[in-house]
S.K.: 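Okay, handing you the structure first.
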Amino acid sequence: MPCYYDLMLYSHCGTKIVKQASNTMWGFLMSKEFNSKLTDLKRYFFNESDVRKFIDFLMTKAEVIAPQTKGEQSFAYNVVKNSSDVALEYPRTMQPLKKYFLPPVETLLTFKMSSNEFSEEVIEAKKQIFFGIHSYEMKGIHLLDYCLGKGKPESNYLKRRANALIIGISYKPDKYHFATSLGIDIEETEGFALFFEKVTEGYLVFVVTDEGAELIKDFSGGKPIDEQVNIEELPQQAKIKYHYNRLPQVFEHVYNSRVWDHFADKCVGCGTCNLLCPTCYCFDVRDEVGLNADDGKRQRFWDGCMLNSFAEVAGGENFRNKLAARMRHRLYRKFSYITKSSGELHCVGCGRCTRYCPADISIVEIINSLIEDYSAQQKKQAV
Amino acid sequence: MLTNTTEMKDLYYPLMSDIIKVEQLTATEKRFEIALPDNQVLNHKPGQFVEVSLFGFGEAPISISSSPTKTPAFDLTVRRTGKLTDKMHELAVGSKLGIRGPFGNGFDVDFMKGKDMLFIAGGIGLAPLKSLIDYTIDKRKDFGRIIIVYGTKHPSEILFSNEIEKWKNLKDVEFHMTVDRPDDNWKGNIGVITTLIPPLEINVENTIASIVGPPIMYKFVLMSLNSKRIPDENIYMSLERRMKCGVGKCGHCQINHSYVCQDGPVYHYPKAKELEEAV
Ligand SMILES: Cc1cc2nc3c(=O)[nH]c(=O)nc-3n(C[C@H](O)[C@H](O)[C@H](O)COP(=O)(O)OP(=O)(O)OC[C@H]3O[C@@H](n4cnc5c(N)ncnc54)[C@H](O)[C@@H]3O)c2cc1C
Ligand code: SF4
Ligand code: SF4
Ligand code: FES
């Protein structure tokens with residue numbers, strides 16, 4: 001086969017090793033079938049100019065949203081105007097993708113105070129293509145699908161989700177990512193229609209779903225390839241000391257740990273870690289009235305459990321007035337509370353809460369300190 | 001599951017309803033009788049709540065203070081404490097307000113059948129508890145003794161004076177009350193609500209205690225019920241938390257893993273005990 005692209009790293013045959021973990025009482029965490037066997041998927045090779053052309057092609061099909069640089073070292077998802085603006089390699093965007101499905105401000109009803117008339121906001125069913133999304137981000141969306149879809153489903157969110165086509169891309173971990181520590185591989189493809197894997201001179205494009213196949217079929221660039229490829233795993237620097245399926249067990253034992261006070265001492269309660277988290281979805285609802293003092297909107301706003309007033313009620317009682325209690329609540333929502341019903345961890349290891357915390361609080365350090373505390377307890381008990 | 005009057009529409013879609021009666025109960029509390037449109041029935045359980053809204057002033061969770069045995073209209077008893085509740089207090093008969101719900105679990109009335117009922121209400125806690133008190137009085141044959149213990153800070157804060165007179169006169173209802181601080185005309189008990197509990201003569205095994213009051217009250221009432229040897233399994237309590245959605249999404253009402261708007265506001269005490277943040 002002519003070697004028109006460099007498969008240096010990927011030259012020998014083989015399949016990606018599917019990691020197996022021992023089963024525990026939390027074994028159901030592991031039950032998700034590893035469906036990122038890239039090696040079984042139909043694939044193409046794209047050089048960078050093919051990729052840009054493909055984005056142009058996507059733009060003829062629907063609105064395309066992709067990461068773009070926003071000044072030095074800062075990336076944000078935005079509607080693509082020029083395929084050349086799209087960042088193919090980026091560590092993470094500041095705001096997570098959830099903003100497209102659960103907007104920071106969303107109108108639930110519009111009303112007229114004088115007549116008590118109101119109407120619901122109509123969500124237009126417009127197709128959107130999200131290009132260049134990392135696997136942890138996709139996982140975050142899956143977790144929101146669970147939280148907002150269960151019980152009484154959030155129809156606005158679900159309508160927007162139903163119209164989304166998402167295309168993944170691999171990433172090079174920086175010191176804040178720890179997604180693989182939580183079982184989310186860089187090449188995890190669940191939820192993507194297509195997946196772009198960076199190789200030395202371009203991208204391997206894997207066709208994950210029929211929708212993806214349908215899309216790529218009409219694109220003239222790129223070259224189909226047949227041979228087996230072996231994707232080498234890029235190590236992540238930030239690591240959690242235990243296998244992730246042990247974390248819920250750890251959280252059964254650290255509710256009263258001193259670790260909470262230790263980290264809360266530095267925390268300023270700004271709520272950044274909530275707002276930037278791809279799996280946080282708590283909200284506030286407020287009525288906003290226009291200048292004519294008659295027309296208004298009932299709107300929902302992102303809210304965060306780290307903010308002081310989050311659990312405060314009329315009369316001044318605040319059920320979580322200590323920062324340590326709020327930080328504990330945030331972490332328990334990621335690793336214990338929702339996990340009890342979903343069977344999943346609700347942190348995806350994107351590293352945003354650490355990267356953007358003004359007090360330099362690292363979630364990996366918190367978790368590792370809790371693990372140490374837990375392991376010390378276990379040792380004590382064993383004696 | 002529970003009937004939700006707004007189920008067919010979106011989650012946040014209020015049913016515009018009419019205020020058909022307003023009654024000033026105290027300087028800060030009013031009772032509103034509400035009729036849903038088209039004679040619809042709320043179909044609530046005692047202990048459930050609705051989200052009340054006024055456009056421009058927001059929404060708030062308010063307990064239904066009448067029993068489901070009274071239909072089709074229902075009562076809300078509202079203390080004025082802020083944006084929405086202040087505005088509500090300005091409304092007269094004929095005004096509209098939005099209703100979503102009923103929400104929450106309510107009291108387990110089937111489990112309570114045949115039991116002696118001990119009601120312990122502190123302050124505005126009598127409003128939610130009244131839905132269950134009225135229910136047991138309306139279905140008198142289904143229950144054993146009915147004992148009501150009610151405490152307020154001051155005689156001027158006594159809610160439902162008319163009903164209280166009626167309860168006092170009913171032979172098969174035992175009514176006890178106390179105030180923390182008396183005024184010149186007060187002839188009854190003085191002291192916190194827990195002073196009324198030790199003298200009660202009750203069959204602890206067959207008595208169900210239902211408690212609703214301000215957050216601070218629970219600890220002390222639970223301690224005195226415990227010293228009376230009422231088993232934890234016989235205790236129910238209704239808890240208040242900040243709420244925004246009422247449908248298990250906004251996160252505000254969470255006590256550990258439990259959503260008060262879904263799993264509560266009524267908690268069986270053994271369950272509440274497992275929640276570290278509950279009391
Ligand atoms: C299950 C439940 C049942 C309740 N039943 C009654 C009742 O029968 N009668 C009554 O007078 N009050 C009741 N309350 C308390 C009532 O909801 C608050 O007093 C009310 O929300 C205050 O709203 P506001 O806009 O007037 O006050 P503000 O202080 O202006 O409120 C601002 C915002 O904070 C939120 N908030 C403030 N306090 C509370 C609170 N205690 N609970 C939930 N959200 C709050 C509201 O959503 C509101 O949007 C109940 C609360 C709960 C949780
Ligand atoms: S971002 Fe950092 S300082 Fe701000 S609330 Fe979160 S942990 Fe605290
Ligand atoms: S908790 Fe932090 S690392 Fe985990 S998903 Fe949220 S922002 Fe990312
Ligand atoms: S009130 Fe929103 S989750 Fe309970």
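In what follows, chains carry the letters A, B, and so on, assigned in the order in which the sequence lines appear, proteins first and then strands, with residues in each chain numbered from 1. Keep in mind that the numbers below use all heavy atoms, side chains included, and drop hydrogens, waters and symmetry copies.
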S.K.: Does any heavy atom of chain B fall under 4.5 Å from the side chain of Asn256(A), the backbone, both, or neither of them?
M.R.: side chain
S.K.: Please identify, among His329(A), Arg300(A), Glu288(A), the residue contributing the most non-hydrogen atom pairs under 4.5 Å to chain B.
M.R.: His329(A)
S.K.: Which pair of non-hydrogen atoms, one from Cys250(B) and one from Cys282(A), has the smallest distance, and what is that distance?
M.R.: O-CB, 3.1 Å
S.K.: What part of Glu312(A) gets within 4.5 angstrom of chain B, counting heavy atoms only: side chain, backbone, both, or neither?
M.R.: both
S.K.: For Ile216(B), is it the side chain, the backbone, both or neither that has a heavy atom under 4.5 Å from a heavy atom of chain A?
M.R.: neither
S.K.: Drop me the distance from Lys244(B)'s NZ to Phe310(A)'s CZ, to the nearest 0.5 angstrom.
M.R.: 10.5 Å
S.K.: Give a yes or no on whether Asn292(A) atom CG has more than 12 heavy-atom contacts from other residues, nucleotides or ligands under 6.0 Å away.
M.R.: yes
S.K.: Counting only non-hydrogen atoms closer than 4.5 Å, does Val289(A) touch chain B with its backbone (N, CA, C, O), its side chain (CB onward), both, or neither?
M.R.: side chain
S.K.: Please name the pair of heavy atoms, one in Pro14(B) and one in Phe118(A), separated by the smallest distance, quoted to 0.1 Å.
M.R.: O-CZ, 3.3 Å
S.K.: Under 6.0 Å from the CZ atom of Phe220(B), do we count more than 12 heavy atoms belonging to anything else shown?
M.R.: no
S.K.: Distance from Cys305(A) atom SG to His252(B) atom NE2, nearest 0.5 Å?
M.R.: 9.5 Å
S.K.: Rounded at 0.5 Å granularity, tell me how far OG in Ser53(B) sits from CZ in Phe111(A).
M.R.: 9.0 Å
S.K.: Taking every heavy-atom pair that is under 4.5 Å apart, which of Lys297(A), Arg333(A), Lys150(A) has the most such pairs with chain B?
M.R.: Arg333(A)
S.K.: Would you compute the distance between atom CZ of Arg242(B) and atom CZ of Phe319(A) and round it to the nearest 0.5 angstrom?
M.R.: 11.0 Å
S.K.: Is the side chain of Lys249(B) donor-acceptor paired with the backbone N or O of Cys147(A) at a distance under 3.5 Å, no angle test?
M.R.: yes
S.K.: Distance check, rounded to the nearest 0.5 Å: Asn116(A) atom CG versus Leu54(B) atom CG?
M.R.: 7.5 Å
S.K.: Please determine whether the number of non-hydrogen atoms from other residues, nucleotides or ligands lying under 6.0 Å from atom NZ of Lys159(A) exceeds 12.
M.R.: yes
S.K.: Of all of Arg286(A), Arg320(A), Arg328(A), which one pairs up most often with chain B through heavy atoms under 4.5 Å apart?
M.R.: Arg320(A)
S.K.: First locate atom OG1 of Thr110(A), then atom CZ of Phe55(B), and finally report the distance between them rounded to the nearest 0.5 Å.
M.R.: 9.0 Å
S.K.: Heavy-atom distances under 4.5 Å only: say whether Ser341(A) touches chain B with side chain, backbone, both or neither.
M.R.: neither
S.K.: Please state whether the side chain, the backbone, both or neither of Tyr332(A) comes within less than 4.5 Å of a heavy atom of chain B.
M.R.: neither
S.K.: May I ask you to establish whether Arg298(A) and Tyr12(B) are in a cation-pi arrangement, using a distance under 6.0 Å from NZ or CZ to the six-membered ring centre and at most 45° from the ring axis?
M.R.: no
